[in-house]
Peer 1: 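Below: one structure in structure tokens.
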Amino acid sequence: MSAETSVAPGQFTRRRQQFRAWRGNRPFWAGLYIMLGGFPIMYFPYAHLRFGQLTVAMATTAGAGSLIIGVLLVVLGLTLWFQQHVRVFSGVAAILLALVSIPVSNFGGFIIGFLLALVGGAMAVAWAPHKSAPQPAETVPADGAGAPAGTTPETAHGPGEANDVSGTSPANGANGRHSAG
């Protein structure tokens, strides 16, 4: 193979566009931040940091709890990628696990894991699926000409309807403040 030989024209571009389309339909960055937050939370309690000749053992009694929190955060991140309809649950669970990691796991993986999981959880809760362009709805004229047969403008259900059972419509002069008594 020489330097002038290309693999397939446009294959890299096509794969990149497929990944971009896949990534755009789910809370990708939220899942990535949550997974990245899980790794320091589950790593640091088992790590032995070396500073020159000095070895600092980070092993704590809560090592198992840190491992569980970290693994759950990684699973929640993967869940956001492949089951995006549970994004609110995953986001709230990630936020709660990040908060629990502060006392359990060396200040949430030295604040790194805590902040990543917290931001990822907030992004997951705030993410909404992309809505396609709305279809134009059939409009009903204000004079009731488009109402179904046998109805009058007072009973038609559409924009500017006069069939207000609560008595708080601006059409009858009430705004709801004085209707209780």
Side-chain angles (χ1 to χ4, degrees), residues 1 3 6-135 137 166 168 175-177 179-180:
M1 229 175 150
S6 64
V7 176
Q11 184 177 6
F12 176 76
T13 304
R14 186 173 49 100
R15 295 282 185 206
R16 186 178 54 84
Q17 288 174 346
Q18 286 175 344
F19 176 70
R20 177 185 263 175
W22 178 82
R23 187 186 70 197
N25 293 332
R26 60 201 75 243
F28 176 79
W29 294 108
L32 183 67
Y33 283 166
I34 290 172
M35 282 191 291
L36 289 176
F39 288 120
I41 289 174
M42 71 176 144
Y43 172 74
F44 285 133
Y46 294 103
H48 295 286
L49 302 175
R50 294 178 193 255
F51 299 107
Q53 297 295 326
L54 179 65
T55 301
V56 179
M58 299 301 297
T60 63
T61 57
S66 299
L67 184 64
I68 290 171
I69 290 171
V71 167
L72 284 175
L73 285 172
V74 170
V75 168
L76 287 173
L78 289 171
T79 301
L80 283 172
W81 282 0
F82 298 109
Q83 301 286 329
Q84 61 267 19
H85 59 277
V86 293
R87 67 188 182 278
V88 175
F89 169 77
S90 296
V92 170
I95 291 171
L96 291 175
L97 286 171
L99 291 171
V100 168
S101 74
I102 291 175
V104 171
S105 175
N106 296 330
F107 296 110
F110 294 122
I111 304 296
I112 298 167
F114 164 72
L115 287 177
L116 286 170
L118 194 68
V119 169
M123 289 172 65
V125 171
W127 185 83
H130 181 339
K131 297 200 186 303
S132 60
Q135 300 296 328
S166 67
T168 59
N175 62 3
R177 291 187 201 167
S179 61

Peer 1: How close do Pro27 and Arg87 get, counting heavy atoms only, and between which atoms?
Peer 2: CG-CB, 4.4 Å
Peer 1: I need the minimum non-hydrogen distance between Ala93 and Leu76, along with the two atoms involved.
Peer 2: CB-CD1, 3.7 Å
Peer 1: Residues in ring pair (Phe, Tyr, Trp, His ring centres under 6.0 Å) with Phe28, at least two apart?
Peer 2: Phe19, Trp81
Peer 1: Within this structure, what is the CD1-CG distance for the pair Ile68 and Leu73, rounded to the nearest 0.5 Å?
Peer 2: 12.0 Å
Peer 1: Kindly give the heavy-atom pair with the smallest separation between Met42 and Gly70, and that separation in Å.
Peer 2: CB-CA, 3.9 Å
Peer 1: Under a 4.5 Å cut-off applied to non-hydrogen side-chain atoms, are Leu97 and Ile41 in contact?
Peer 2: no
Peer 1: Between atom OG1 of Thr79 and atom CG of Leu72, what is the distance when rounded to the nearest 0.5 Å?
Peer 2: 10.0 Å
Peer 1: Please list, chain by chain and in numerical order, all residues satisfying side chain to side chain contact (heavy atoms under 4.5 Å, CB included) with Leu99, sequence neighbours excluded.
Peer 2: Ile95, Phe114
Peer 1: In chain order, what residues pass the side chain to side chain contact (heavy atoms under 4.5 Å, CB included) check against Gln17, with sequence neighbours excluded?
Peer 2: Thr13
Peer 1: For Ala124 and Gly91, which heavy atoms make the closest approach, and how far apart are they?
Peer 2: CB-CA, 3.8 Å
Peer 1: Check side chain to side chain contact (heavy atoms under 4.5 Å, CB included) between Ile112 and all other residues, then give those that pass, not counting sequence neighbours.
Peer 2: Pro40, Leu116
Peer 1: Tell me, which pairs form a side-chain hydrogen bond (donor to acceptor under 3.5 Å, both in side chains) where one or both residues lie in residues 23-33, sequence neighbours left out?
Peer 2: Arg26-Gln84
Peer 1: Please list, chain by chain and in numerical order, all residues satisfying side chain to side chain contact (heavy atoms under 4.5 Å, CB included) with Gln18, sequence neighbours excluded.
Peer 2: Arg14, Arg15
Peer 1: May I ask you to check whether over 12 heavy atoms, not counting those of Arg20, lie within 6.0 Å of atom CZ?
Peer 2: no
Peer 1: Where do Ile34 and Ala94 come nearest, in terms of heavy atoms and distance?
Peer 2: CD1-CB, 3.6 Å
Peer 1: Are Gln83 and Ser90 packed together at the side-chain level, in the sense that at least one heavy-atom pair is separated by less than 4.5 angstrom?
Peer 2: no
Peer 1: Of all the heavy-atom pairs spanning Met35 and Val74, show the shortest one and how long it is.
Peer 2: CG-O, 3.5 Å
